[in-house]
Q: 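This is the structure I want to talk about, given as structure tokens.
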There are 2 protein chains.
Amino acid sequence: MATTTRDVAREAGVSQSTVSRALNGDPRVAPETRALIQAAAKRLSYLPNSAARSLITQRTDTIGILIGEITNPFYPQLVDVLHDEFTLAGFRTVLLNERADAGRADELFPQLQGRFVDGIVIANAMLGATFVDDFHKQGIPVVLLNRDVDDAHVDRVVSDNTGGGEVAATTLVELGHRRIGLIGGPANASTARDRALGFERGLARAGLEVASRRVGEFTHQSGYQWCLELLREPAPPTAIFAANDVIAFGVLDAAKRMGIRVPEDLSVIGYDDIEMAGWELFGLTTVRQPLSQMAKAAARMLIERIEGRVVREPARLVFPANLMRRQTTTYA
Amino acid sequence: MATTTRDVAREAGVSQSTVSRALNGDPRVAPETRALIQAAAKRLSYLPNSAARSLITQRTDTIGILIGEITNPFYPQLVDVLHDEFTLAGFRTVLLNERADAGRADELFPQLQGRFVDGIVIANAMLGATFVDDFHKQGIPVVLLNRDVDDAHVDRVVSDNTGGGEVAATTLVELGHRRIGLIGGPANASTARDRALGFERGLARAGLEVASRRVGEFTHQSGYQWCLELLREPAPPTAIFAANDVIAFGVLDAAKRMGIRVPEDLSVIGYDDIEMAGWELFGLTTVRQPLSQMAKAAARMLIERIEGRVVREPARLVFPANLMRRQTTTYA
DNA sequence: CTGTTAGCGCTTTCAG
DNA sequence: CTGAAAGCGCTAACAG
């Protein structure tokens with residue numbers, strides 16, 4: 001069914017290796033021979049077998065991207081940039097949509113192992129996940145994006161999550177809020193941990209503590225359900241900091257459901273500044289991470305590693321996080 | 001760097017082929033030998049090279065999924081289901097995020113060609129795209145999901161787009177609307193074409209025509225900009241049908257921007273019923289496609305083809321589209 | 001400039 | 001039950 005270089009060679013009346021050379025743009029091939037071969041290849045609609053090629057070249061020209069839930073709009077935005085950057089550099093992109101908990105390594109491994117990819121971007125590593133180093137040991141370059149893992153000797157790109165959390169706290173305090181709630185992300189996500197940490201530190205500087213706190217997934221549903229709970233407390237918070245924008249959307253929805261006005265009765269701050277945060281209906285005040293820049297930086301670090309242009313210690317790139325003020329925050 | 005079956009063989013004191021058999025669960029291998037080999041493999045942290053394996057087995061255990069813009073939440077929802085279904089069947093999943101216009105075949109091909117994948121789900125084919133049949137000719141099974149292409153001899157899964165468009169029209173007419181606008185999708189998307197067609201037919205049955213129409217991408221921005229235009233007309237529509245939910249979100253945003261109340265001053269109907277449509281802040285009335293069922297059906301059809309269990313004529317599966325009534329529609 | 005030759009790492013006969 | 005040997009389709013020396 002599939003045609004090979006042999007078939008093309010026979011058709012063009014040359015040797016198999018000449019076909020390979022001609023099709024790969026080897027300058028030594030005579031122009032007429034090349035034309036002959038290209039014509040033959042076209043006639044037989046030849047296409048190179050990628051397995052055979054990578055077997056010998058030891059490269060797959062493929063990058064793996066590990067994300068948590070593709071359904072969370074945060075990831076598609078990241079993937080979009082990564083994809084463009086890798087395509088530009090001649091790599092194709094494989095998306096793996098898995099929850100990368102510590103224990104899942106065995107299930108995850110076979111997917112990417114066996115040199116199926118030349119490098120991996122991990123955007124969903126959980127604290128304590130050991131598989132990151134495993135890749136590294138296999139000699140497969142890895143970069144962590146938007147996540148940190150203790151003791152992994154790989155490149156990583158993050159934003160200043162503690163700083164971002166602090167800014168959120170300071171902002172709310174300055175607006176006069178005193179009863180402030182926190183809806184955090186999964187305990188084993190470094191981002192969730194650091195944002196909460198910074199937030200607490202910011203409140204502490206004003207002599208405050210988190211009035212009510214809940215922890216859940218980075219989902220709309222989590223934000224929705226926990227917010228309903230907070231708002232039903234005897235002394236509900238006048239402001240809520242959500243660990244990411246999608247949680248914040250859930251918070252806004254819960255408030256609307258309860259007939260509580262934002263920002264008049266409740267101020268809300270999210271984190272990430274995904275595109276939707278700027279939509280008119282949300283107008284979400286949020287802590288902005290420079291997503292595109294971060295993704296680009298991650299892609300470039302990985303490509304450098306793959307091409308072996310650099311031999312350096314693992315780096316940790318930290319991008320600043322700034323408050324993006326919109327319509328969901330106001331004076332207490 | 002990478003260990004091979006040879007290394008394991010040497011370590012275990014057996015032949016290379018026995019290692020292969022043992023690791024692939026060949027029942028003929030003696031239990032003790034197998035244990036020996038497994039231990040050796042573990043010690044050397046051996047992992048099978050996927051290129052070498054597919055070269056000989058002629059399979060990659062990989063499925064390609066072709067989508068338009070991953071940033072459009074419609075796709076992630078589809079991908080999520082597809083991914084689960086394929087994983088269950090033992091396939092890994094490669095996501096290709098490309099605009100699949102007719103002319104782009106050459107750029108797109110090398111990505112998936114060369115038997116890099118065992119089968120392909122195409123969820124973004126544009127009318128007139130010839131590459132669909134090209135895959136088919138290469139002997140690579142293909143299924144079209146949510147898209148139709150004329151004269152392609154492949155399986156396809158769609159919803160009743162004309163029927164859905166008609167339902168939207170009938171609903172608005174019955175609510176008493178007479179000046180009704182349409183914000184459509186790209187002209188070369190079969191879904192956009194069919195939904196508009198059905199919508200017109202529905203209006204025609206009530207002796208009406210589309211009062212104002214605009215056409216654009218399946219994006220928030222398109223909905224936003226065109227809606228601003230429609231609302232600034234001398235006699236703006238009292239209802240708008242958007243070709244998909246994301247466009248409809250743009251419409252809602254534009255209305256809010258203009259201080260126009262939904263549904264009191266403007267009724268809005270979308271299409272797809274993606275998860276966000278049900279969020280409190282949107283409460284979007286929309287035409288529901290059974291996305292999960294459609295994705296599952298597509299996955300199963302493709303798997304059947306790949307495993308060669310069926311040899312049948314290309315089928316066209318049509319799922320019903322129903323109105324999901326929420327808060328963005330009311331009487332004129 | 002082109003043909004011959006040797007593998008890449010694996011699965012799969014074919015012997016024994 | 002295990003080893004030897006062939007070969008998947010390609011690239012990359014090595015000759016000429």
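By convention in this document, chain letters (A, B, ...) are assigned in the order of the sequence lines, proteins followed by strands, and residues within each chain are numbered from 1. Scope of the values below: all heavy atoms of this structure, side chains included, with no hydrogens, waters or symmetry mates.
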Q: Of all heavy-atom pairs between B:I120 and B:I122, which one has the smallest distance, and what is that distance?
A: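 So the two residues come closest at CG2-CG1, 3.7 Å.
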Q: Specify the closest pair of heavy atoms between B:V158 and B:D148, including all atoms of both residues, with the distance to one decimal.
A: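 Taking every non-hydrogen atom into account, CG1-OD2, 4.3 Å.
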Q: So which of residues 25-45 of chain A are in contact with DNA chain C, with a heavy-atom cut-off of under 4.0 Å?
A: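 By residue number: A:R28, A:V29, A:A30, A:T33.
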Q: Do the charged groups of A:R300 and A:D155 touch, with an N to O distance under 4.0 Å?
A: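 Salt bridge: no.
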Q: Collect all protein-nucleotide pairs involving nucleotides 8-11 of chain C in which both atoms are nitrogen or oxygen and the distance is under 3.5 Å.
A:
{"from": "C:dG9", "atom 1": "N2", "to": "B:A52", "atom 2": "O", "distance (Å)": "3.4"}
{"from": "C:dC10", "atom 1": "OP1", "to": "B:Y46", "atom 2": "OH", "distance (Å)": "2.6"}
{"from": "C:dC10", "atom 1": "OP1", "to": "B:N49", "atom 2": "N", "distance (Å)": "3.2"}
{"from": "C:dC10", "atom 1": "OP2", "to": "B:T5", "atom 2": "N", "distance (Å)": "2.6"}
{"from": "C:dC10", "atom 1": "OP2", "to": "B:T5", "atom 2": "OG1", "distance (Å)": "2.8"}
{"from": "C:dT11", "atom 1": "OP1", "to": "B:N24", "atom 2": "ND2", "distance (Å)": "3.1"}
{"from": "C:dT11", "atom 1": "OP1", "to": "B:R53", "atom 2": "NE", "distance (Å)": "3.0"}
{"from": "C:dT11", "atom 1": "OP1", "to": "B:R53", "atom 2": "NH2", "distance (Å)": "3.1"}
{"from": "C:dT11", "atom 1": "OP2", "to": "B:S20", "atom 2": "OG", "distance (Å)": "2.6"}
{"from": "C:dT11", "atom 1": "OP2", "to": "B:N24", "atom 2": "ND2", "distance (Å)": "3.2"}
{"from": "C:dT11", "atom 1": "O4", "to": "B:Q16", "atom 2": "OE1", "distance (Å)": "3.3"}

Q: Run the salt bridge (charged side-chain N to carboxylate O under 4.0 Å, His left out) test against B:R6 and tell me which residues pass, sequence neighbours left out.
A: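 Once residues adjacent in sequence are excluded, B:R6 has no partner under the salt bridge (charged side-chain N to carboxylate O under 4.0 Å, His left out) criterion.
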Q: Report the relative orientation of the aromatic rings in A:F116 and B:F116; use parallel for angles under 30°, tilted for 30 to 60°, perpendicular for over 60°.
A: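 Ring orientation, 0 to 90° scale: parallel.
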Q: Over how many whole Å does the gap from B:R10 atom CZ to D:dG3 atom P extend?
A: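 So the two atoms are 14 Å apart, to the nearest Å.
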Q: What are the two closest heavy atoms between A:L23 and A:I37, and how far apart are they?
A: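 Closest approach of A:L23 to A:I37, heavy atoms only: CD1-CG2, 3.7 Å.
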Q: Is a donor on one side and an acceptor on the other found under 3.5 Å between the side chain of B:N49 and the backbone of B:A51?
A: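 Present.
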Q: Whole-Å distance between D:dA12 C1' and A:L23 CG?
A: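 So the two atoms are 16 Å apart, to the nearest Å.
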Q: Please report, rounded to the nearest Å, how far the C1' atom of D:dC10 is from the CZ atom of B:F116.
A: 17 Å
Q: Can you give me the closest heavy-atom contact between B:L145 and B:A298, atom names plus distance?
A: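 Here B:L145 and B:A298 meet closest at CD1-CB, 4.0 Å.
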Q: Verify the contact: side-chain N or O of B:S15 to OP1 or OP2 of D:dG3, cut-off strictly under 4.0 Å; return yes or no.
A: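 B:S15 to D:dG3 OP1/OP2: side-chain N or O found under 4.0 Å.
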